[in-house]
Trainee: 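Mind looking over this structure? Questions follow.
Everything quoted here is computed from the prediction, not taken from an experiment. Counting starts at 1 for both ligands and their atoms, following the listed order. Only this structure's heavy atoms are used, side chains among them; waters, hydrogens and symmetry mates stay out.
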Amino acid sequence: MNHPATHTDRVAVVTGSAQGFGRAIAVELAQRGADIVAIDLRDAAETVAEVEEAGRRAVSIQADVTDPDAVQGAREQAFDTFGTVDILVNNAGSYPFKDFFDVDYAFWKKIHALNLDSQFLTAQAFCPSMRDNGWGRVVNIASNSLGLAVPSLSHYMSSKGGVVGFTRGLATDLAPFGITVNAVAPTASRTPGGEETFPTEVLDNVASMQAIRRNGVASDVTGTVCFLSSEDCAFVTGQTIMADGGLVRL
Ligand SMILES: NC(=O)c1ccc[n+]([C@@H]2O[C@H](COP(=O)([O-])OP(=O)(O)OC[C@H]3O[C@@H](n4cnc5c(N)ncnc54)[C@H](O)[C@@H]3O)[C@@H](O)[C@H]2O)c1
């Protein structure tokens, strides 16, 4: 598909971009003209190759987004490479099922550290330069599970509820600096993580409840993330958009 040049010469950080949603988001941002900082626990070499195929530059930074020092190190590497950052996509996350009575405090904190605290750490690292530039975009990945009665996900729904609240609060704090902050909520999808986590019956069941009766795939969130990270969304902030086949209605 030919994408419009909505992101020419922007520099975008995408966390968790070695695979799944993050990789698809990084590649489409590049196809729309952005250079990419791919942060992941794993080497994002395949993402970098796809970005370069699209004619843009990318750097793979192996860092744990739950580790404040690692995030600061990633910030330094990103600025050494590109000199600035305009867009932050907070995508890294995990969504293991666990019955509430089997969730201990360490597990609860681990899920919140990855799905929520990491978004605070990266926002603290990358938003000051957006503030100084007078322009920026933050897009946080939430989840449509917040609007559903899914069992054994209270730890996850709590962390993603935090993402929605953080998005709303940060949107107000950063608006004076030309920075918008929004969230995108996908449905249970056939990403590598999704296929590992969800039994086929669950994926089939979710698809059957959506208005658009097929499972989501990684490319189903990219258009919404690109809109929210473009100039087009200059007057849209603090919102959570369901990119979920019409399952959850706000
Ligand atoms: N796939 C779904 O069904 C679904 C549904 C709703 C929301 N989401 C959300 O979408 C996001 C991405 O999901 P996905 O399905 O693409 O996941 P995935 O498991 O396929 O990919 C996640 C990526 O994040 C990286 N990562 C994990 N922990 C990290 C850490 N501490 N530091 C840096 N990188 C780390 C992994 O190495 C991996 O490359 C998550 O926030 C998830 O909660 C997914």
Trainee: Closer than 3.5 angstrom, by distance alone: can the side chain of T47 be matched with the main-chain N or O of S17 as a donor-acceptor pair?
Mentor: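 Flag set: sc T47 to bb S17 pair under 3.5 Å.
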Trainee: Is the backbone of E28 close enough, under 3.5 Å, to the side chain of H3 for a donor and an acceptor to pair up by distance?
Mentor: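 No; judged by distance alone, with no hydrogens or angles, the pair does not exist.
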Trainee: For atom 5 (C) of ligand 1, what's the nearest protein heavy-atom neighbour? Residue, atom name and distance, please.
Mentor: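 Among all protein heavy atoms, the one nearest atom 5 (C) of ligand 1 is T187 O, 3.1 Å.
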Trainee: Distance to 0.1 Å, residue and atom name: give those for the protein heavy atom nearest to atom 36 (C) of ligand 1.
Mentor: D40 OD1, 3.4 Å
Trainee: I'd like the name of whichever of G22, S189, A243 reaches closest to atom 3 (O) of ligand 1 through any heavy atom.
Mentor: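 Going through G22, S189, A243 one by one, S189 has the nearest heavy atom to atom 3 (O) of ligand 1.
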Trainee: Residue-level breakdown please: for E196 versus ligand 1, do any non-hydrogen atoms fall below 4.0 Å on the side chain, on the backbone, on both, or on neither?
Mentor: neither
Trainee: For atom 23 (C) of ligand 1, what is the closest protein heavy atom, and at what distance to 0.1 Å?
Mentor: G16 O, 3.6 Å
Trainee: Between L146 and M157, what is the shortest heavy-atom contact and its length?
Mentor: CD2-O, 3.2 Å
Trainee: Side chain of N91, backbone of G16: donor and acceptor closer than 3.5 Å?
Mentor: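 Yes, the answer is positive, given that a donor and an acceptor are paired below the 3.5 Å cut-off.
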Trainee: Checking a contact table here: which protein heavy atom is nearest atom 32 (N) of ligand 1, and how many Å away?
Mentor: V65 N, 3.0 Å
Trainee: By number and element, which atoms of ligand 1 are closer than 4.0 Å to a non-hydrogen atom of L114?
Mentor: 28 (N), 29 (C), 30 (C), 31 (N)
Trainee: Please report whether ligand 1 has a polar contact with F21, defined as an N or O pair separated by less than 3.5 Å (distance criterion only).
Mentor: yes
Trainee: Donor-acceptor pair, distance only, cut-off 3.5 Å: does the side chain of D35 make one with the backbone of R57?
Mentor: yes
Trainee: Under 4.0 Å from any heavy atom of G193, which atoms of ligand 1 are there?
Mentor: 18 (P), 19 (O), 20 (O)
Trainee: Of the protein's non-hydrogen atoms, which lies at the shortest distance from atom 22 (C) of ligand 1, and what is that distance?
Mentor: G93 O, 4.2 Å
Trainee: So which protein heavy atom does atom 21 (O) of ligand 1 come closest to, and at what separation?
Mentor: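 Protein heavy atom with the smallest distance to atom 21 (O) of ligand 1: Q19 NE2, 3.3 Å.
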Trainee: Got the closest protein heavy atom to atom 43 (O) of ligand 1, with its distance?
Mentor: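 Looking at atom 43 (O) of ligand 1, the protein heavy atom closest to it is Y156 OH, 2.8 Å.
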Trainee: Backbone or side chain, does any N or O of T66 fall under 3.5 Å from an N or O of ligand 1?
Mentor: no
Trainee: With a cut-off of 4.0 Å, which atoms of ligand 1 are near a heavy atom of A188?
Mentor: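 Answer, ordered by atom number: 3 (O).
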Trainee: How about CD on E196, more than 12 heavy atoms from neighbouring residues, nucleotides or ligands closer than 6.0 Å, or not?
Mentor: no
Trainee: Where on A142 is there a heavy atom closer than 4.0 Å to ligand 1, on the side chain, on the backbone, on both, or on neither?
Mentor: backbone
Trainee: Determine, for R214 against D220, whether the closest basic-nitrogen to carboxylate-oxygen distance falls under 4.0 angstrom.
Mentor: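 The answer is yes: the pair qualifies as a salt bridge.
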Trainee: Is the distance between the ring centroids of F97 and Y156 under 6.0 Å?
Mentor: no
Trainee: Of all the heavy atoms in R23, does at least one lie under 4.0 Å from an atom in ligand 1?
Mentor: no
Trainee: Is there a donor-acceptor pair closer than 3.5 Å between any side-chain N or O of E52 and the backbone N or O of E50?
Mentor: no
Trainee: Looking at ligand 1, does any of its N/O atoms fall within less than 3.5 Å of an N/O of N115?
Mentor: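 Not met; the criterion fails.
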Trainee: Does any N or O atom in D64 lie less than 3.5 angstrom from one in ligand 1, N or O only?
Mentor: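 D64 vs ligand 1: N/O contact under 3.5 Å present.
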Trainee: Considering only heavy atoms, which of S17, A63, S143, G20 lies nearest to atom 33 (C) of ligand 1?
Mentor: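 Heavy atom nearest to atom 33 (C) of ligand 1 belongs to A63.
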Trainee: Heavy-atom distance to atom 12 (C) of ligand 1: which of I141, N91, N90 wins?
Mentor: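 It is N91 that holds the nearest heavy atom.
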Trainee: Mark yes or no for whether N182, through its side chain, and G238, through its backbone, hold a donor-acceptor pair below 3.5 Å.
Mentor: yes
Trainee: I'd like to check which ligand 1 atoms, numbered from 1 as shown, lie under 4.0 Å from a non-hydrogen atom of F198.
Mentor: 3 (O)
Trainee: Any nitrogen or oxygen of S94 lying under 3.5 Å from a nitrogen or oxygen in ligand 1? Just yes or no.
Mentor: no
Trainee: Give the residue and atom name of whichever protein heavy atom lies nearest to atom 17 (O) of ligand 1, and the separation in Å to one decimal.
Mentor: Y95 OH, 3.7 Å
Trainee: Pick, from T47, L41, T15, the option with the minimum heavy-atom distance to atom 27 (C) of ligand 1.
Mentor: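 Going through T47, L41, T15 one by one, L41 has the nearest heavy atom to atom 27 (C) of ligand 1.
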Trainee: Which class fits the ring pair F107 and H155: parallel under 30°, tilted 30 to 60°, perpendicular over 60°?
Mentor: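 Answer is perpendicular, since the angle exceeds 60°.
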Trainee: Quick one: does N115's side chain have a donor or acceptor within less than 3.5 Å of a partner on K160's backbone?
Mentor: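 No; judged by distance alone, with no hydrogens or angles, the pair does not exist.
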Trainee: Do any N or O atoms from the side chain of N215 and from the backbone of R190 form a donor-acceptor pair under 3.5 angstrom?
Mentor: no
Trainee: Less than 4.0 Å between a side-chain N and a carboxylate O, is that true for D104 and K109?
Mentor: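 No, K109 and D104 are not salt-bridged.
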Trainee: Using distance alone, with no hydrogens and no angle criterion, decide if T84 and N133 have a side-chain donor and acceptor under 3.5 Å apart.
Mentor: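 Yes, because at least one side-chain N or O of T84 sits under 3.5 Å from a partner of the opposite role on N133.
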Trainee: If you take the nearest heavy atom of each of T191, I111, N144, N140, which one is closest to atom 14 (P) of ligand 1?
Mentor: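 Considering heavy atoms of T191, I111, N144, N140, the nearest to atom 14 (P) of ligand 1 sits in T191.
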